[in-house]
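Reviewing the structure listed below.
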Amino acid sequence: MQKRRKLGRGVAVVGAGMSKFGMFKDKDSKDLFAEAFTEMLSSVDKGADPNDIDALYLGNFTNDFFMHQGHWGPIISDLIGLAPKPATRTEGACASSALAFREGVFAIASGFYDVVLVGGVEEMSKRTTEEVTEGLALATVPYEGKVGFTFPGVFGALATAYFERYGATREHLMNVTIKSHNNARLNSKAQFNLSIRDLMNSRIERAKKKGEPVPTWADEKDFLRDLRANPVIAWPMHLYDCCPISDGAACILLVAEEIAKNFTDNPLYVAGIGQGSGRGLHAAEDITYFEATRYAAQEAYGMSGLKPEDIQFSEVHDCFSMAEIVHLEDLGFFKPGEGYKAVEEGLTRLDGPKPINTSGGLKCKGHPVGATGASQLYEVWKQLRVEAGERQVPIKDLRVGAAHNLGGTGGTCTFTILERR
Amino acid sequence: MAYEKPLPQPNADTRPFWDGCKEHQLRFQKCRDCGHVRWPPSIICPRCYSSEVEWMVASGEGKVYTFVVYHYAYHKAFENDLPYITAIVELEEGPHILTNIVGCSSDEVRCDMPVKVAWEDVTEEFSLPKFKPAQND
């Protein structure tokens, strides 16, 4: 039984911003963060004075390796005129900016600061796929990368074990992919804002124009079964099971609960935050779940007094389609071995009882690793404030949303619950 | 032809493991105080923090816990091996080891398949522990 934890004082979210995600040849990390920051400022209903920001916590994972530039805290604080106020970088692989959020919450809860900017940024697309894979493999544990376990392999191995244990198949993973694309189609900031059906139609049009044989796929799954359209990367992971390489940034403005109404009449409150650490593939007797996610979830549920059924919608870390199914189970939304059935039954669709990854998720929104955690919370902010436009979840009395972020092979996992009051 | 794939980089903790491999022995650490068998090697026992350790030789037999079949090489030296199998093997003695399955096609490999170690002498200094189906003898 985990110790039940509480914040020293309440913390509210009063603004959020996110750059478009994608592959941008002519935008660097500073450009991307500026895009997120300016949107964040304009999102604060009663306005925010940047001079009131006490400190910055910034998540970033791989810029040292990909851009040969480290020490991003002060670079970003200089960009937004925050220097000489403190800037701290957090690193937890793909969960880096969820850690920034958490540190920002603690800094306010302790009473030390009142207004804190948290966020993340990552610039990945200027490197080849091989270089990016090597860079991301820095987050595996030492023996994983050396024997050929890069990330598609890690989640492929997880899928093989899950299939063996619960009887799921690749067809079930396709349900996740199709849903993610359907949601991302409604998100103009998503890297792939188009459905699988849109993709099929554009390929058919292209073939017709070029006078080539026109593909005849019966439906989306038929397209995903076609090895020319959806080649194997690391079986059972095919191309459309994997998230893309992305650039992007996101940020969130946190303030002490007692001053939240100075910024907006519609703030969100941090109801629960949890974080866990994991031990790598070799150490786990069973890799069909992530111990660190379960730990983080228990911490967040314990702190908030909420149960999995109280979470009305959630972003989860779907770096691979298989990952989404496992997270649904680890977070307690569905029982172990039943996540894939829930997806198949449509329970996690935008119009289902438990919408998951309404943004399109990492798979389609994009996964600029150090920005992902903050961007998930940006989505929760948009949904809870009923500002998500076409992809707004059709839930009455919307009150509680959450985000789950995972780093490495489950080495760092977080779960954050936000609520309206 | 020179071996072009990544090679182990032994340190004080892992040198006995790789020295064992050279002699075609899979060596594991066993805590002298609590008896916990561990892999990879480390300076203290993660359960009781004892640094008293003995090296034991594993039988080299186990079963496939899970696997993945690479159809895309991220390192040029692996291109000729495609499709190759990367796996987690559960050893008889308990530890899970990350390895490759050889001597078996990607259509044949299965979870729980019995396997045994198959040594690949890749350089003068290094032999790598890979695993092959146990019935292939």
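Each chain gets a letter, A, B and so on, in the order the sequences are listed, and its residues count up from 1. In this text the structure is predicted, and so the values were computed from the model without any measurement.
Evaluation of the salt bridge (Lys or Arg N to Asp or Glu O under 4.0 Å) rule for Glu92(B) yields no partner, not counting sequence neighbours.
The number of heavy atoms from other shown groups lying within 6.0 Å of NZ (Lys5(B)) is above 12. Other residues, nucleotides and ligands contribute over 12 non-hydrogen atoms within 6.0 Å of the NZ atom of Lys221(A). More than 12 non-hydrogen atoms from other residues, nucleotides or ligands lie less than 6.0 angstrom from NZ of Lys126(A).
Across all non-hydrogen atoms, the minimal contact from Glu285(A) to His96(B) is O-CE1, 3.4 Å.
Looking only at atom types and distance, the side chain of Thr129(A) has no donor-acceptor partner in the side chain of Tyr72(B) under 3.5 Å away.
A donor-acceptor distance shorter than 3.5 angstrom exists from the side chain of Tyr65(B) to the backbone of Ile287(A), with no hydrogens or angles considered. The main-chain N or O of Ala157(A) is found under 3.5 Å from a side-chain atom of Thr66(B) such that the two form a donor-acceptor pair.
Residues Trp235(A) and Phe67(B) have side chains in contact (heavy-atom distance under 4.5 Å, counting atoms from C-beta outward).
Between the NE2 atom in His238(A) and the NE2 atom in His71(B) there is a gap of 7.5 Å [rounded to 0.5 Å].
Contacts from residues 159-178 of chain A to chain B, taken as heavy-atom pairs separated by less than 4.5 Å, involve Thr160(A), Ala161(A), Glu164(A) in sequence order.
By number of non-hydrogen pairs under 4.5 angstrom with chain B, the leading residue of Gly156(A), Gly153(A), Pro236(A) is Gly153(A).
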